[in-house]
Enquirer: 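Before anything else, here's the structure in question.
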Amino acid sequence: MADHAIQADDARVQAVADALGHRCSDAVLLRRAATHASILGPQAGSTRRRDEANERLEFLGDALLGAALAELIYRRFPDADEGRLSRLKSELVSRSTLAVALDALGLGPYCRVGGQMGRVWPTSVKANLMESLLAALWMDGGWVALSTAVERMVSARLDDPETGREDPRMRLQVWCLEHHQRLPDYTCERSGGSDHDPQFRSDVAIAGRSASGRGSSRRRAEAAAADALLELIATPAPSAPAPPVS
């Protein structure tokens, strides 16, 4: 194998370990999980697609994700009834949630997708890659590796353990991908407070619109900024006054 391919495999293993908490010992398996069939070209036969692309792993990951999420939210929300648990699970396994997770975790650059998919990959492609990566972690590290990865993947979505409210950062990411095909830009810095009670200010912007927020941690400041920008987006622009009647 060429040196650049080995380096790419090593970088992918490290990126997935940093993002999802498990260092995969099988770099070839992880490469297959990160390879969308589109990169093989339309002439690729079924055998090559099976051996080199992520389609079979995607099938497995879809089922594993559902089971891991069910266990996570069952334990995370002990007072929730079956109906609420089902709604939470449905939200967390959505295509848009998985696509945003791939971007938010910084795993997109380590995946291989055909150029015909364009600069901004379809939501379905990102979601399928996320599922196949989870399957690879399960095959390499078992249930502990999978459940750790899934919890990291959805942690931003589970804002408050008491209520399960959705993190506004995730809602803003979904909106930005749907309307502008890119993620919002955040900046965050310490703005005061003490060592025991720090204060942070965050600014977030997308397509010429921006908002700010403050909080006792970077995460809370970013969530406040995202919430403020979502409110700004949802507020209709004031209509221009009608011209005077002559």
Side-chain angles (χ1 to χ4, degrees), residues 1-40 49-62 64-65 67-69 72 92-93 95-115 117 119-158 167 169-170 173 177 182-188 217-219 222:
M1 184 183 296
D3 288 345
H4 66 83
I6 295 174
Q7 291 171 358
D9 282 347
D10 290 344
R12 183 180 301 109
V13 167
Q14 186 60 53
V16 170
D18 291 341
L20 296 175
H22 174 74
R23 187 174 184 85
C24 193
S25 61
D26 190 340
V28 175
L29 172 66
L30 198 61
R31 186 198 319 145
R32 178 153 52 95
T35 301
H36 191 263
S38 61
I39 203 171
L40 304 180
R49 291 170 68 97
R50 181 196 66 205
D51 294 342
E52 297 183 30
N54 71 330
E55 293 172 335
R56 281 171 51 83
L57 287 168
E58 173 202 333
F59 164 80
L60 179 60
D62 178 60
L64 290 168
L65 173 62
L69 278 173
L72 172 62
L92 293 170
V93 298
R95 303 278 89 185
S96 60
T97 298
L98 293 172
V100 167
L102 188 81
D103 286 326
L105 292 168
L107 296 177
Y110 302 94
C111 295
R112 305 166 69 221
V113 175
M117 290 296 170
R119 185 177 62 84
V120 179
W121 301 340
T123 294
S124 60
V125 170
K126 294 180 182 181
N128 293 345
L129 287 164
M130 196 71 241
E131 289 174 339
S132 58
L133 288 170
L134 292 174
L137 293 188
W138 177 79
M139 292 184 71
D140 188 80
W143 187 259
V144 172
L146 173 68
S147 59
T148 298
V150 168
E151 185 163 11
R152 287 195 180 195
M153 186 185 77
V154 302
S155 61
R157 193 88 186 226
L158 302 176
D167 190 322
R169 294 175 302 172
M170 185 66 75
Q173 287 174 357
L177 287 173
R182 68 180 183 87
L183 294 171
D185 297 315
Y186 284 93
T187 60
C188 191
S217 68
R218 293 181 183 275
R219 176 176 174 275
E222 288 179 355

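Numbering of residues begins at 1 and proceeds along the displayed sequence.
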Enquirer: Looking at Glu151, I want to see if its CD is surrounded by more than 12 non-hydrogen atoms of other residues, nucleotides or ligands under 6.0 Å.
Expert: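 Check fails, neighbour count at 12 or below.
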Enquirer: Determine whether a donor-acceptor pair (N or O, by modelled atom type, separation under 3.5 Å) exists between the side chain of Ser132 and the backbone of Leu129.
Expert: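 Answer holds: yes.
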Enquirer: Show the nearest heavy-atom pair for residues Leu57 and Ala136, with the distance to one decimal.
Expert: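 Closest pair (atom of Leu57, atom of Ala136, distance): CD2-N, 4.5 Å.
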Enquirer: When rounded to the nearest 0.5 angstrom, what is the spacing between CE in Met117 and NE2 in His36?
Expert: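 That separation rounds to 4.5 Å.
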Enquirer: Between Leu40 and Arg49, is the side-chain contact (heavy atoms from CB on, under 4.5 Å) condition met? List the steps.
Expert: CA-CA 8 Å; Leu40 304 180; Arg49 291 170 68 97; 4.3 Å; yes
Enquirer: Of all heavy-atom pairs between Arg95 and Thr123, which one has the smallest distance, and what is that distance?
Expert: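 Nearest heavy atoms, Arg95 then Thr123: O-CG2, 3.5 Å.
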Enquirer: Find out whether His22 and Val16 are in side-chain contact, i.e. whether some heavy atom of one side chain is under 4.5 Å from a heavy atom of the other.
Expert: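 Not in contact.
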Enquirer: Going by heavy atoms in the side chains, are Arg169 and Tyr186 under 4.5 Å from each other?
Expert: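 Yes - at least one pair of side-chain heavy atoms lies under 4.5 Å apart.
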Enquirer: Rounded to the nearest 0.5 Å, what separates atom CZ in Arg12 from atom CG in Asp10?
Expert: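 If I round to the nearest 0.5 Å, the distance is 10.0 Å.
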Enquirer: Roughly how far, to the nearest 0.5 Å, is CG of Leu60 from CG of Asn54?
Expert: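 Between Asn54 CG and Leu60 CG, I get 12.0 Å after rounding to 0.5 Å.
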Enquirer: Give the table of side-chain donor-acceptor pairs shorter than 3.5 Å for residues 97-114, with sequence neighbours excluded, one pair per line with atom names and distance.
Expert:
{"residue": "Thr97", "atom": "OG1", "partner": "Glu91", "partner atom": "O", "Å": "3.0"}
{"residue": "Thr97", "atom": "OG1", "partner": "Ser94", "partner atom": "OG", "Å": "2.8"}
{"residue": "Thr97", "atom": "OG1", "partner": "Arg157", "partner atom": "NH1", "Å": "2.5"}
{"residue": "Asp103", "atom": "OD2", "partner": "Lys126", "partner atom": "NZ", "Å": "2.7"}
{"residue": "Arg112", "atom": "NH1", "partner": "Thr35", "partner atom": "OG1", "Å": "2.9"}

Enquirer: Between the side chains of Gln14 and Asp18, is a donor N or O closer than 3.5 angstrom to an acceptor N or O?
Expert: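 Yes - a donor-acceptor pair under 3.5 Å links their side chains.
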Enquirer: Measure the spacing between CG of Leu64 and CZ of Phe59 and express it to the nearest 0.5 Å.
Expert: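 Interatomic distance, Leu64 CG to Phe59 CZ, rounded to 0.5 Å: 10.0 Å.
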Enquirer: For the residue pair Trp138 and Trp143, what are the closest heavy atoms and their distance?
Expert: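 Result for this residue pair: CD1-N, 4.0 Å.
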Enquirer: Indicate the atoms forming the closest heavy-atom contact of Gly21 with Thr148, along with that distance.
Expert: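 It is CA-CG2, 4.5 Å.
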Enquirer: Would a distance-only check, ignoring hydrogens and angles, find a side-chain to backbone donor-acceptor pair under 3.5 Å from Asp26 to Asp140?
Expert: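 Not a single qualifying donor-acceptor pair exists.
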Enquirer: If I take atom OG from residue Ser147 and atom CZ from residue Arg152, how far apart are they, to the nearest 0.5 angstrom?
Expert: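 Reported value, rounded in 0.5 Å steps: 11.5 Å.
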Enquirer: So, do Leu69 and Val150 sit near enough that their side-chain heavy atoms are less than 4.5 Å apart?
Expert: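 Leu69 vs Val150: side chains touch.
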Enquirer: Under the 3.5 angstrom rule, does the side chain of Asp62 hit a backbone N or O of Glu58 as a donor-acceptor pair?
Expert: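 No; judged by distance alone, with no hydrogens or angles, the pair does not exist.
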Enquirer: Do you know the tightest heavy-atom contact between Arg218 and Cys188?
Expert: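 Closest approach of Arg218 to Cys188: NH1-O, 3.1 Å.
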Enquirer: Of all heavy-atom pairs between Leu134 and Ala149, which one has the smallest distance, and what is that distance?
Expert: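 Heavy atoms of Leu134 and Ala149 come nearest at CD2-CB, 3.8 Å.
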Enquirer: Just how far is it from atom CG of Leu183 to atom CG of Leu177, taken to the nearest 0.5 Å?
Expert: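 Reported to 0.5 Å precision, the distance equals 5.0 Å.
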